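The structure appears right after this line, and notes come after that.
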Amino acid sequence: MLAAPNSRTHREMLVCPPNPALRNLKEEPRNTGRDWLVRSSGQHEEATMRTPQLSALMLAVLTFSAGAAEPQKLWEASGFKNPESAVFDRAAGAVYVSNVNGDPMKKDGNGFVSKLGPDGKVVTIEWAKGLDSPTGLALANGKLYVADVDRIAEIDLAKGEVLNRFEAPGSKFLNDLAADKSGRIYASDMVSNSIWVLDGGKLSLLLQDDALENPNGLLVEDGRLVVASWGKMAPDFSTKVPGRMKAVDLATKKVSDLGSSTPVGNLDGVEPDGKGGYLATDWMTGGLFRIASDGTATRLLPLAKGSADLGMGPDGIVMIPMMMEGTIVAYRVDTR
């Protein structure tokens with residue numbers, strides 16, 4: 001939780017060992033906050049983000065990695081209005097894409113979900129309507145669940161109709177969703193440092209902890225939640241230090257760093273990489289990263305700003321909504 005992909009692909013290894021000097025830098029915020037919001041007309045404002053000294057230092061220590069094959073672009077679909085999340089429904093052979101269509105924190109009633117084929121061809125651009133600013137998506141219990149500002153909508157997969165809306169009183173910005181094997185739905189509230197859970201038709205607060213560092217992407221693993229954090233942000237969404245991977249023990253609700261505490265980026269979506277690590281997107285600077293279980297980050301794709309909540313398609317295809325450009329790009333990523 002915004003622009004056309006860069007056609008050039010290269011492999012870069014982000015090697016940032018803990019360094020006390022980095023923590024003491026006096027730097028500009030990594031972004032200028034609400035610059036990333038878009039007009040509800042669907043026309044996109046130009047983003048004017050400043051690159052901080054920390055990011056410059058991080059980029060300065062990038063080294064090339066010759067291990068895996070470069071991601072291969074397979075298709076690109078267009079015509080969306082601020083697409084934020086993509087999820088693949090294997091049973092239906094369909095891809096669902098949330099469209100914010102304006103300010104992602106505004107309840108304006110013009111958001112919708114699109115339906116695509118597995119090859120990226122649009123089936124119905126406004127498949128499910130009547131939403132405000134839909135972001136994260138999750139499939140469970142034969143339904144599609146959609147984060148929608150301060151509630152979760154439940155959508156009938158056969159008809160594309162909203163069946164239920166579950167309110168999250170006091171929430172500020174429900175962003176990503178993730179489902180466990182039992183059908184429970186977890187939701188990140190990026191603004192209030194909270195995680196909510198929808199269980200048995202009841203949406204309740206699971207935990208609120210500043211240690212989450214403004215949680216965005218979620219992934220459920222055995223006994224824990226993996227969290228892609230945005231980084232501690234000011235009210236205008238700016239960060240002096242970008243985010244990193246976190247883990248939440250579901251039994252104790254304890255929040256901890258996942259591996260290294262080295263900053264990675266203003267992280268958005270997160271998915272398993274098939275190697276015991278993760279694939280994550282960086283919204284502000286753009287790009288797709290592979291993050292190992294020890295927190296080491298490898299940049300796989302130098303995408304543009306607005307690389308939003310990725311989804312895994314058929315045969316390991318990675319689908320990335322490019323929120324500012326109104327497109328979805330799909331790549332084949334080596335998961336061997």
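Basis for what follows: all heavy atoms, side chains included, without hydrogens, waters or symmetry-related copies. Worth saying up front: this structure is predicted, and the values here are computed from it rather than measured. The residues of the chain are indexed from 1 along the displayed sequence.
Looking only at side-chain heavy atoms (C-beta outward), F173 and T135 come within less than 4.5 Å of each other. Between P71 and V318 there is no side-chain heavy-atom pair separated by less than 4.5 Å. Considering only heavy atoms from C-beta on, M322 comes within 4.5 Å of I320 through its side chain. When side chains are defined from C-beta on, Y278 does not count as touching E271, because their heavy atoms never get closer than 4.5 Å. Contact check for F289 versus M245: no side-chain heavy atoms found under the 4.5 Å cut-off. The shortest distance between side-chain heavy atoms of L267 and N216 does not fall below 4.5 Å. Counting only heavy atoms from C-beta outward, the side chains of M312 and L279 approach each other to under 4.5 Å.
In the hydrophobic cluster analysis, where Ile, Leu, Val, Met, Phe, Trp and Tyr join through side-chain heavy atoms closer than 4.5 angstrom, V329 is grouped together with L300. Hydrophobic clustering keeps L203 apart from V146 (ILVMFWY residues linked when any side-chain heavy atoms are closer than 4.5 Å, directly or through intermediates). Side-chain heavy atoms closer than 4.5 Å link hydrophobic residues (I, L, V, M, F, W, Y) into clusters, and following such links, even through other members, never connects I152 to L144. Grouping the Ile, Leu, Val, Met, Phe, Trp and Tyr side chains by contacts below 4.5 angstrom, directly or via other members, places L177 with W196. Note on L137: it clusters hydrophobically with L131, by side-chain heavy-atom contacts below 4.5 Å among ILVMFWY residues.
Under the salt bridge (Lys or Arg N to Asp or Glu O under 4.0 Å) criterion, R151 pairs with D132, E167, sequence neighbours left out. In terms of the salt bridge (Lys or Arg N to Asp or Glu O under 4.0 Å) criterion, residue partners of K107 (sequence neighbours excluded) are, by chain and number, D150. Residues satisfying the salt bridge (Lys or Arg N to Asp or Glu O under 4.0 Å) test with D257, not counting sequence neighbours, are R244, K246. With sequence neighbours left out, S98 forms a side chain to side chain donor-acceptor pair (under 3.5 Å) with no residue at all. Under the salt bridge (Lys or Arg N to Asp or Glu O under 4.0 Å) criterion, K115 pairs with no residue at all, not counting sequence neighbours. Not counting sequence neighbours, the partners of I125 by the side chain to side chain contact (heavy atoms under 4.5 Å, CB included) test are F80, F112, S114, V122. For K159, the side chain to side chain contact (heavy atoms under 4.5 Å, CB included) criterion is met by D156, E161, not counting sequence neighbours. In this view, K172 and D189, V191, S192 satisfy the side chain to side chain contact (heavy atoms under 4.5 Å, CB included) rule, not counting sequence neighbours.
Other residues sharing the hydrophobic cluster of L250, ordered by chain and number and joined by side-chain separations under 4.5 Å: Y186, I195, V197, L206, L207, L212, L218, V220, L225, V227, V248, V255.
With I155 as the fixed residue, the side-chain contact (heavy atoms from CB on, under 4.5 Å) test singles out one of N164, L163, V162: V162.
Sorted pairs that involve residues 118-129 and meet salt bridge (Lys or Arg N to Asp or Glu O under 4.0 Å), not counting sequence neighbours, are lacking altogether. Legend: ring pair (Phe, Tyr, Trp, His ring centres under 6.0 Å) pairs involving residues 117-168, not counting sequence neighbours, sorted by first then second residue: Y96-W127. Applying the salt bridge (Lys or Arg N to Asp or Glu O under 4.0 Å) definition to pairs two or more places apart or across chains, those involving residues 219-233 are E221-R224.
A donor-acceptor pair under 3.5 Å is absent between the side-chain atoms of N101 and the main chain of K81, judged by distance alone. Proximity of a side-chain donor or acceptor of D282 to a complementary backbone N or O of M284 within less than 3.5 Å is detected. Of the possible polar contacts, none joining the S188 side chain to the M190 backbone as a donor-acceptor pair under 3.5 Å is found. Under a 3.5 Å cut-off, the side chain of S307 and the backbone N or O of A304 do form a donor-acceptor pair. The backbone N or O of A247 sits nowhere less than 3.5 Å from a side-chain atom of D249 that would complete a donor-acceptor pair. D89 places no side-chain N or O within 3.5 Å of a backbone atom of A94 that could act as its donor or acceptor partner. A donor-acceptor pair under 3.5 Å is formed between the side chain of T281 and the backbone N or O of G269. Within the 3.5 Å criterion, the main-chain N or O of D103 finds a donor-acceptor partner in the side chain of S133.
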Can E84 and N99 be said to form a side-chain contact (heavy atoms from CB on, under 4.5 Å), step by step?
CA-CA 6 Å; E84 204 282 331; N99 292 251; over 6 Å; no
Might you work through the side-chain contact (heavy atoms from CB on, under 4.5 Å) test for S260 and D294, ending with a clear yes or no?
CA-CA 6 Å; S260 170; D294 65 358; over 6 Å; no
Check the pair F88, M319 against side-chain contact (heavy atoms from CB on, under 4.5 Å), reporting the backbone distance first and the verdict last.
CA-CA 9 Å; F88 176 56; M319 305 173 296; 4.0 Å; yes
side-chain contact (heavy atoms from CB on, under 4.5 Å) assessment of V113 paired with V97:
CA-CA 5 Å; V113 175; V97 176; 5.8 Å; no
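Summarising the geometry of D309 relative to G136, their closest heavy-atom pair is OD2-CA, 4.2 Å, with the distance given to 0.1 Å. Scanning both residues, P83 and G326, for their nearest heavy atoms gives CD-CA, 3.6 Å. Nearest approach of S194 to P215, heavy atoms of both residues: O-CG, 3.9 Å. Scanning both residues, A77 and G120, for their nearest heavy atoms gives CB-O, 3.3 Å. When all heavy atoms of P314 and R90 are compared, the closest pair comes out as CA-NH2, 4.4 Å. For the pair V100 and P134, the tightest heavy-atom approach, listed with the atom from each and the gap, is CG2-O, 3.3 Å.
Separation of atoms CD1 (I317) and CZ (R332) is listed at 5.0 Å; rounding is to 0.5 Å. K275 NZ to R290 CZ: the interatomic distance, rounded to the nearest 0.5 Å, is 4.0 Å. Of the inter-residue distances, the one linking D199 atom CG with K202 atom NZ reads 10.0 Å to the nearest 0.5 angstrom. Put simply, CG on N141 and OG on S182 are 9.5 Å apart, with the number rounded to the nearest 0.5 Å.
Note: W230 and F237 have perpendicular aromatic rings, judged against thresholds of 30 and 60 degrees for the angle between ring planes.
Using a 3.5 Å distance cut-off with no hydrogens or angles, the side chains of T239 and N266 do pair a donor with an acceptor.
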